[in-house]
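Report on the following structure.
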Amino acid sequence: MTNKKDLNKFFNDFLTKNPLFLNKKVLQDSYTPENIEHRDDQINTLAGILAPLLRLEKPSNVFVYGKTGTGKTLSVKYVTKKILDVAKEKNIPLKMVYLNCKLKRIADTEYRLIAQIANEFGGNIPATGLPTDEVYKAFMKVIDEKSNKLIILVLDEIDQLVKKAGDGMLYNITRLNSELKNTELSLIGISNDLLFMDGIDPRVKSSLSEEEVLFYPYNAIQIQDILRQRSNVGFRKEIIGEGVIEKCAAFAAREHGDARRALELLRVAGELAERSNKITITLEDIDAAEEKIECDKVIDTIHAQPKQFQLTLYSLLSISEQKKKSIFTGDIYSVYHDFSIKIGSKPLTQRRVSDIIAELDMMGIINARVVSKGRYGRTREICLSIPTSTTNVIKNVIKESLNL
DNA sequence: CACCGTTCAGTTGAACTAAGCAACGGAATTCGG
DNA sequence: GAATTCCGTTGCTTAGTTCAACTGAACGGTGGA
């Protein structure tokens, strides 16, 4: 495709040929399907808990557990949306706020969380500079003024927030209700961590999880159902090759039944097949998709991270190229230090780099384990948990974003 | 050989600091009469 | 003289630093069999 003619031909071909996708949205994870498979119990329970809202009564706070991709967020959004619809019809003053506490710089501290909610209601709270209790006051003022009688507050990945900010803030939030005059606030906490509630202040615990809903992982058969349902809408008929759905499901079931992953796998496989002008999706496309997703995921998270973070990862990747064996913190730090000086920025201390490595571990980019090597000290033993084929791509991405 | 104190290379927690930001209040400036 | 703008001060959050305590098993020495 070096000259115009070729490019014209390419675009024309692209338009004339039958697309594999009918409706790609269906396969994206922002999509909320009309019926959610294999989650009837949980949805009914949730609906039962929230139903009093329609009688202007405050429902119990709910705590939703389950691993990633088990449909927690989806089900909660589904139920709340339905209830909002009904409320709107009946003119019930109900409002829902959904916040993902994991999002950096949006809702990952107590201050930012409250500020964010207040801003959702039309408040105007700056990103920094105010004392936290001042923010609470401003928040309550905004909420009470807007005189929405009932509010559902959904806090997704609440475990991440508490890990960072401590459980004192949960207490503050649960106490909000008694401070609010015109408004009833009910909480839905969503957590990926099944053990999250252990080690939380018992007062908070009893107040936050008046009701609990547990989402079990899907098994392979259920994931297959979900994939079929969505692919019927998302793809043209007869596109999906033999065993493709099964393979996607198997991949996902291996990872604790993560349906989101299965769907993503299928979608990306479709995109890859389309790009290489195939008319069906084959098993190879799944493998390629698996790799691509892994790579993209890492690249996305990297882009959102600060410079020094990227540099740390870059150093890590550089080392791992040279020696396959496990890597230790000290190695990374010295390489990182050199790089940092070379590009003319002040290196972070080892303390911070140690934390960054822990973060990388959390993100699943690396696999780190604290080991004691006898009297040769104690360190993290690190190995990459991404395929070596993608490390080069990632290195280039970092290079680019750092102007190396 | 079994046992035990030493030792290393980080890990981890807590206190602290610098950079940004907003609000406050007083000083300086502007404005209309 | 009142209203408005400007500017320094204070107090906040947050990312990162400094300090220091803590860790846990291999090493190497000891003593007993």
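First the proteins, then the strands, lettered A, B, ... as listed; each starts at 1.
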Backbone N or O of [Y] within a donor-acceptor pair of the [X] side chain at under 3.5 Å?
X	Y	result
A:Glu210	A:Asn61	yes
A:Ser186	A:Ser60	no
A:Ser209	A:Ser206	no

Is [X] near enough to [N] that one of its side-chain N or O atoms lies under 4.0 angstrom from OP1 or OP2?
X	N	result
A:Thr109	C:dT13	no
A:Ser372	C:dG24	no
A:Arg380	B:dT12	yes

Inset, instruction - Would you kindly check whether a donor in the side chain of A:Arg378 faces an acceptor in the base of C:dT23, or vice versa, at under 3.5 angstrom? - result: yes
Legend entry - Base B:dG10 to side chain A:Arg351, donor-acceptor N/O within 3.5 Å cut-off: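 Looking at the base of B:dG10, it does not pair with any donor or acceptor on the side chain of A:Arg351 (distance under 3.5 Å).
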Distance in angstrom units between [X] [atom1] and [N] [atom2], rounded:
X	N	atom1	atom2	result
A:Lys373	C:dG28	NZ	P	15 Å
A:Leu348	B:dA18	CG	P	17 Å
A:Ile125	B:dA23	CD1	C1'	14 Å
A:Asp331	B:dG10	CG	P	7 Å
A:Ile382	B:dA9	CD1	C1'	13 Å
A:Ile327	B:dG10	CD1	P	13 Å
A:Arg352	B:dA15	CZ	P	19 Å
A:Ile356	B:dT12	CD1	C1'	16 Å

Legend entry - Contacts of type ring pair (Phe, Tyr, Trp, His ring centres under 6.0 Å), residue A:Phe21, not counting sequence neighbours: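 A:Phe235.
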Legend entry - Distance-minimising heavy-atom pair for A:Glu34 and A:Tyr78: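 What the structure gives for the nearest pair is O-OH, 3.1 Å.
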Inset, instruction - Apply the test salt bridge (charged side-chain N to carboxylate O under 4.0 Å, His left out) to residues A:Lys102 and A:Asp108: give CA-CA distance (whole Å), side-chain angles for both, the deciding distance (0.1 Å), then the verdict. - result: CA-CA 6 Å; A:Lys102 203 175 68 177; A:Asp108 62 346; over 6 Å; no
Inset, instruction - Report which part of the nucleic acid A:Thr349 touches: base, sugar-phosphate, or nothing (heavy-atom distance under 4.0 Å, all strands). - result: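 The residue A:Thr349 makes base contact.
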Are [X] and [Y] ion-paired here, with the side-chain N under 4.0 Å from a carboxylate O?
X	Y	answer
A:Glu271	A:Lys24	yes
A:Asp287	A:Lys247	yes
A:Glu381	A:Lys373	no

Inset, instruction - Please identify each residue that fulfils side chain to side chain donor-acceptor pair (under 3.5 Å) with A:Ser276, with sequence neighbours left out. - result: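 So A:Ser276 forms no side chain to side chain donor-acceptor pair (under 3.5 Å) with any residue.
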Legend entry - Partners meeting side chain to side chain donor-acceptor pair (under 3.5 Å) with A:Asn100 (sequence neighbours left out): none
Inset, instruction - Kindly indicate whether a cation-pi arrangement holds for A:Lys67 with A:Phe215, taking the cut-offs as under 6.0 Å to the six-membered ring centre and within 45° of the axis. - result: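 No, A:Lys67 does not sit over the ring of A:Phe215.
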Protein-nucleotides 4-6 of chain B N/O pairs closer than 3.5 Å?
none

Legend entry - Candidates C:dT17, B:dT11, C:dA15 - which lies nearest the side chain of A:Thr379: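 Minimum distance to the A:Thr379 side chain belongs to B:dT11.
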Inset, instruction - Please work out which residues in residues 304-316 of chain A have a non-hydrogen atom less than 4.0 Å from an atom of DNA chain C and list them by number. - result: none
Inset, instruction - Give, ordered by number, those residues of residues 126-140 of chain A having at least one heavy-atom distance below 4.0 Å to an atom of DNA chain B; if nothing qualifies, reply none. - result: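 The stretch gives A:Pro126, A:Thr128, A:Gly129, A:Leu130 as the residues lying under 4.0 Å from the strand, ordered by number.
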